Amino acid sequence: MTTALEEPNVAISDDVLTRSERPLISVVIPLYNEEESIPHLCSALTAALQRYGKPYEIIVVDDGSKDRSFELLAEQTQRDRHLIVIQLRRNFGQTAAFAAGFNNARGDVVITMDADLQNDPDDIPLLMEKIDEGYDIVSGWRKDRQDRFLDRRLPSMIANRLISNVTDVRLHDYGCSLKAYRRDVLQHVRLYGELHRFIPALASQVGGTVTEVPVNHRARQYGRSKYGISRAVRVALDLITVWFLGGYSTRPIHVFGTLGLISAAGGFVIGLYLTFLKLGLGQSIGTRPMLQLAVLLVVIGVQLITMGLLGEMMTRTYFESQDKPIYVVRQVISNSDAQES
Ligand code: UDP
Ligand code: MG
């Protein structure tokens, strides 16, 4: 039975699906214009998952492909009851495609990978081994990465260093799509923009434990990469977002206020010095650039502190309007049968 899913952000109800057992593993694959890869992807993935032997589902999110990808996928669903295809109405980007997949995944473990066969489905047991050890997030590390050096591996090396330092979640390869997550951790992670690259850091911010394992990587066989070097700028900007929201979303005044105080204090000290020159030594200060600097620093300082206060108010609106707690509970235990002490 083919199921046409009109609204991908509404979870698929179980009776729509023809499967009886709840999967342990949900493989989520965002896909955009990858028609040549689809048959190979499906067969390689199915072979690997069958070998692994645990119940699974494969969720392919067609991110508004303009080639024959969706038709090919629809055909595959006729042959494979493990396959679920979610078609987005237009190209929303890889992050949104991931989010659509996550929202519909039912397995305890969600495994993500690319549709372009660059990842090796036979690495899935390696990731699962680490999940079984108790980690919440296992990131693939393309140790022997098969991409060009100058425009792909080098920027990626710099980005990984930067992201690791800023977020304190040290991974060699944030960019690798082959990753495994425990779904209960993932459900606390909200994705926007292109934040899929930061999921391990975001998941760690809600208390998930992170590790990595070396995985295979192959050169792209069909189609072209969907990204150019311009993503470096977006990664840098996203890093600022992740850093700020991770550490300061409940206390923005600490960032803006600190900068504001430093700036205002600098302006104040310079101002005092100029006052001394004017009143103490009788010098003229009206034409000195330092005077402008002092004024500028004080004004910027006041503005930053005000921005911090506005941030504090927005934080309250954000959390209280949605009844959002500022913490994430792992579990609550108690025992009503226990003896009174
Ligand atoms: N992708 C997507 N939507 C987009 C861009 C990419 O679903 O708007 C998918 C793409 O089909 C692939 C994965 O995301 O499965 C990663 O893209 P790509 O291989 O082009 O990135 P790279 O490996 O070059 O970083
Ligand atoms: Mg790729």
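Here the structure is a predicted model, which means the values were calculated and not measured. First listed ligand is number 1; within each ligand, the first listed atom is number 1.
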Exercise. Near ligand 1, which protein residues have a heavy atom under 4.0 Å away?
Worked result: Pro30, Leu31, Tyr32, Glu34, Asp63, Asn91, Gly93, Gln94, Asp114, Ala115, Asp116, Gln118, Arg152, Arg220, Ser225, Lys226, Tyr227, Arg231

Exercise. Have Ser156 and Arg145 got a donor and an acceptor in their side chains that come within less than 3.5 Å?
Worked result: yes

For this session: Walk me through it: do Asp147 and Arg153 pass the test salt bridge (charged side-chain N to carboxylate O under 4.0 Å, His left out)?
Result: CA-CA 7 Å; Asp147 277 323; Arg153 283 177 12 231; over 6 Å; no

For this session: Show all protein N/O/S atoms under 2.8 Å from the Mg ion (ligand 2), or state that there are none.
Result: Asp116 OD2, Gln118 OE1

Problem set entry | Tyr56 and His82 aromatic ring geometry - parallel, tilted or perpendicular at 30°/60° bounds | parallel

Problem set entry | Tyr222/Glu35 under side chain to side chain donor-acceptor pair (under 3.5 Å): CA gap, chis, key distance, verdict | CA-CA 9 Å; Tyr222 309 100; Glu35 56 184 2; over 6 Å; no

Problem set entry | same_hphob_cluster(Ile270, Leu281) at 4.5 Å side-chain heavy-atom cutoff | yes

Exercise. Which hydrophobic side chains are connected to Leu310, either touching it within the sub-4.5 Å cutoff or through other members that do?
Worked result: none

For this session: Determine the interplanar angle of the Tyr174 and Phe198 rings, folded into 0 to 90°, and report it as parallel if under 30°, tilted if 30 to 60°, perpendicular if over 60°.
Result: tilted

Problem set entry | Side-chain heavy atoms of Asn104 within contact of Ile84, under 4.5 Å | no

Problem set entry | Which residues share a ring pair (Phe, Tyr, Trp, His ring centres under 6.0 Å) with Tyr318, sequence neighbours left out | none

